[in-house]
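To start, the structure under review is shown below, and the notes come after it.
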Amino acid sequence: MANRRNFIKTTAIASVAVALNGFRGKTEEEEIVVPSGKVKTRATGERSGAKPIVLSTWNFGIPANNAAWEILKNNGRALDAVEAGVKIPEGDPNERSVGYGGRPDRDGRVTLDACIMDEFSNIGSVACLEHIKHPIMVARAVMEKTPHVMLVGEGALQFALSQGHKKENLLVEASEKEWKEWLKTSNYKPIANIENHDTIGMIALDVHGNLSGACTTSGMAYKMHGRIGDSPIIGAGLYVDNEIGAATATGHGEEVIRIAGCHLVVELMRQGKSPQKACEEAVARIVKLTKNRNKNLKDIQVGFIALNKKGEHGAYCVQGGFNYAKYDDTGNKLIDADYFLR
Ligand code: ASP
């Protein structure tokens, strides 16, 4: 097993290197030698003069961005900003699709999913976590304090308790009442833009030119117990590549997982696409697969937001109704994303 003190030392040196690199300008395209030849990893090159920017999904992105901006404007790290940002809706019992106050599964249990990714490609995730108000903090602790990247269910809860989190009842009265109403029909059919889900996904670029992201949700209301969506899955609900860009998703998680959505968006940016074009192409992939599978696109909503290393951003979704919040040096505002289904 790696010696923990050595690990911390290496990490500290790496942070300094990246922080310096942030001000050094160009990053080199790297060549990796494999048996069939050389593989080039495309670097975007622009690192100097980074201006902080943070993007997050839906209306609750506004208060979340405010918390993130406090850190970004004081030259803080994007990782700290995204964690602080998404904790706002997680802790708000009136936000009924994230954290405390989230709608339960069909057994009346509030099960939470979250993940986080930093500029070094460190990752941490929890899924189907019950009784803990801030799953994003637990995901970060998985990333920083364990040799693993993902903990689920009982194991995630055990770990959260070991980290000092308190066991709480997350099912608020309003959510319980709605669930009891739902039980009368017990019909699970998520309807696009009937907002009984919604995730906060947040991606940020800091003054050092570094990217990080966080994603947290209570998932689809009245899902089967044990159902996990895209939001805690690195590459699906969130992906960050500090050389290229970052992306996060919201909507029907099954569809996002099917195309490894956020990894796809980042890889499209690696190929030279703008964040906007990358989001559009990922949605186009969903459109195509939905048709191939003989499913109705009208029943599906997925939205992506993306940010590249230069601070350019984009967003696109299957159907109208998805918005996101952007905070940069021009202020914090909500933007309606463009969409495919007219
Ligand atoms: N993507 C989330 C899930 O499938 C829900 C949402 O963002 O609306 O769990």
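Atoms within each ligand, like the ligands themselves, are counted from 1 in listed order. All values below were derived from every heavy atom in this structure, side-chain atoms included, with hydrogens, water molecules and symmetry-related copies excluded.
Residues Arg140 and Asp80 are paired through a salt bridge, judged by an N-O separation under 4.0 Å between the basic side chain and the carboxylate.
By the side-chain hydrogen bond (donor to acceptor under 3.5 Å, both in side chains) test, Asn74 is found to be paired with no residue, residues two or more places apart in sequence or in another chain being considered.
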Check: residues 157-174 side-chain donor-acceptor pairs under 3.5 Å, at least two apart:
residue	atom	partner	partner atom	Å
Ser162	OG	Phe159	O	2.6
Gln163	OE1	Lys145	NZ	3.2
Asn169	OD1	Leu171	N	3.1

Show me, pair by pair, the donor-acceptor contacts under 3.5 angstrom made by side chains of residues 278-289, not counting sequence neighbours?
residue	atom	partner	partner atom	Å
Glu280	OE2	Gln276	NE2	2.8
Glu281	OE1	Lys273	NZ	3.1

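With 3.5 Å as the limit, one finds a donor-acceptor pair spanning the side chains of Tyr324 and His313.
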Starting from the N and O atoms of ligand 1, find every protein N or O within less than 3.5 Å and list the pair with its distance.
residue	atom	partner	partner atom	Å
ligand 1	1 (N)	Asp230	OD1	2.7
ligand 1	1 (N)	Gly251	O	2.6
ligand 1	4 (O)	Arg227	NH1	3.4
ligand 1	4 (O)	Arg227	NH2	2.8
ligand 1	4 (O)	Asp230	OD1	3.4
ligand 1	4 (O)	Gly251	O	3.3
ligand 1	4 (O)	Gly253	N	2.9
ligand 1	7 (O)	Thr199	N	3.3
ligand 1	7 (O)	Thr199	OG1	2.5
ligand 1	7 (O)	Thr250	OG1	2.7
ligand 1	7 (O)	Gly251	N	2.9
ligand 1	8 (O)	His197	ND1	2.4
ligand 1	8 (O)	Asp198	N	2.8
ligand 1	8 (O)	Gly251	N	3.3
ligand 1	9 (O)	Arg227	NH1	2.7

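The distance between the ring centers of Trp58 and Phe322 falls below 6.0 angstrom.
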